[in-house]
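We count ligands from 1, going down the list as the structure has it; atoms in each ligand are counted the same way.
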Amino acid sequence: MTALHNAPIKIGVLFSSSGLTAPIEQSQQRATILAAEEINAAGGINGRQLELIFRDPASIPNRYATMIEQLIVEEQVRVVVGCYMSSTRKAVIPIVERHNALLLYPTFYEGFEYSRNVIYTGATPNQNSVPLASYMLSNFGSRVFMVGSDYVYPYESNRIMSDLVFEQRGEKLGEVYIPLDAGWESYLHVAQKIAALQPDFIFSTVVGTGISHLYRAFAEVGMNPYETPIASLSTSETEVAAMGADIGEGHITAATYFQSIDSPLNRKVIANYQRRFGDTMQTDTCWEAAYFQMHLLASAMTITGSDDPNALLNTLPGLEIDAPQGRVRIDEHNHHTYLHPRIGRLNKSGQFDIVSESAGWTPAAPFQISHTLIDAETVSGPAQGGARG
Ligand code: ACM
């Protein structure tokens, strides 16, 4: 075997370690490192080790674009994992397509996107917004206040949530977008407005460091999460660790993974993670997608014997794996992933008590124009659990 045949396979890693979304992206990066180390310890890809090449785009969309081009052109990387905010994913896709590279994107997002060169491993609205609307509207009421960060993902999420609320004859009391870099005063102002309007619940798609401000402001104005919870798609264990469990307690999130999932594989992966990165480390839904997508990628690379994006794009669709959330599968047709929707309510320890979960996996429906609570689709499939080697 020549040296080249034994050469490491480079994977670009594009998660921010600075800027507004650094905490959640660093969680995704640690998951990527953990999975790569597991793959390498098990012999790599047909004997070749994975080598991760990191860049820090500082949570700024056009830096993701510049840096992914550097990774592809200068570092000769053909596969990149990364991006959290949809604005950052949208910034890199033209470059990924122009170079016929492959991006694996491990974050829930708004749907309405397909790229031949992207595999999406986070939830689409039918896998998180629809179950959340169903749970909130039947348990809390239908007078809703919507608050999000000022960019594409919250706009689209609120459009979908509005349809679901109106379908149930509900009322939208307000829809507010807060700049990504806004400070405490902006959140306090919104919380005062919410307290005056007394909605049944708040729907939040605030991301990044603003999450902590929002929940603190909510507490500051004296609202009770057990009466008027914030229902979110973006508040995970990692943001709760930053804001403090006492501030998060009682609030609700829809996600396809929670750290609290009680399965042998989840317990094992968390133990490995905490041994590697420290025993106070949290996991979260973006962490989990970043983790399992590396194992899916490794399976595809082992089958194809290469990091050629064309070969991988022929192999990844239809591939399945036991992930910490349960068995997941890349859809053959739309490049998105069959996942396990859940609703969690935060407890005193900063963990989610799972109050509702789908019976099996739910295929992604990224192109559904009009979502409805009437046809929320759950196809029977493997439930959570399972064990990888
Ligand atoms: C997101 O912007 N997809 C969280």
Distance-only donor-acceptor pairs under 3.5 Å for side chains of residues 93-107, two or more places apart:
residue : atom : partner : partner atom : Å
Glu97   : OE2  : Ser115  : OG           : 2.7
Arg98   : NH1  : Glu69   : OE2          : 3.0
His99   : NE2  : Glu69   : OE2          : 2.8
Asn100  : OD1  : Arg116  : NH1          : 3.0
Asn100  : OD1  : Asn117  : ND2          : 2.8
Asn100  : ND2  : Asn310  : OD1          : 3.0
Tyr105  : OH   : Tyr84   : O            : 2.6
Tyr105  : OH   : Arg89   : NH1          : 3.0
Thr107  : OG1  : Gln28   : NE2          : 2.9
Thr107  : OG1  : Cys83   : O            : 3.1

Distance-only N or O hit between ligand 1 and Phe108, under 3.5 Å: yes

Counting from 1 in the order shown, the ligand 1 atoms closer than 4.0 Å to a non-hydrogen atom of Tyr109 are 3 (N)

Quick one: nearest non-hydrogen protein atom to atom 2 (O) of ligand 1, plus distance? Tyr151 OH, 2.6 Å

Between Thr238 and Gln282, a side-chain donor and acceptor under 3.5 Å: no

N/O to N/O below 3.5 Å, does that happen between Thr107 and ligand 1? no

Are Tyr120 and ligand 1 in contact, using a heavy-atom cut-off of under 4.0 Å? no

For Ser16 and Tyr64, does a side-chain donor sit closer than 3.5 Å to a side-chain acceptor? yes

One finds that the ligand 1 atoms under 4.0 Å from a non-hydrogen atom of Tyr84 are 1 (C), 2 (O), 3 (N)

For ligand 1, which atoms have a heavy atom of Tyr105 less than 4.0 angstrom away? 3 (N)

Applying side chain to side chain contact (heavy atoms under 4.5 Å, CB included), run through Tyr135 and Ile252 and close with a yes or a no. CA-CA 10 Å; Tyr135 184 81; Ile252 291 171; 4.1 Å; yes

My understanding is that only one of Tyr120, Tyr257, Tyr153 makes a ring pair (Phe, Tyr, Trp, His ring centres under 6.0 Å) with Phe108; could you say which? Tyr153

Could you please spell out the steps behind the salt bridge (Lys or Arg N to Asp or Glu O under 4.0 Å) verdict for Lys348 and Glu249? CA-CA 6 Å; Lys348 280 186 182 14; Glu249 187 189 346; 3.5 Å; yes

Ser86 neighbourhood, listing ligand 1 atoms whose heavy-atom distance to it stays under 4.0 Å: 1 (C), 2 (O), 3 (N)

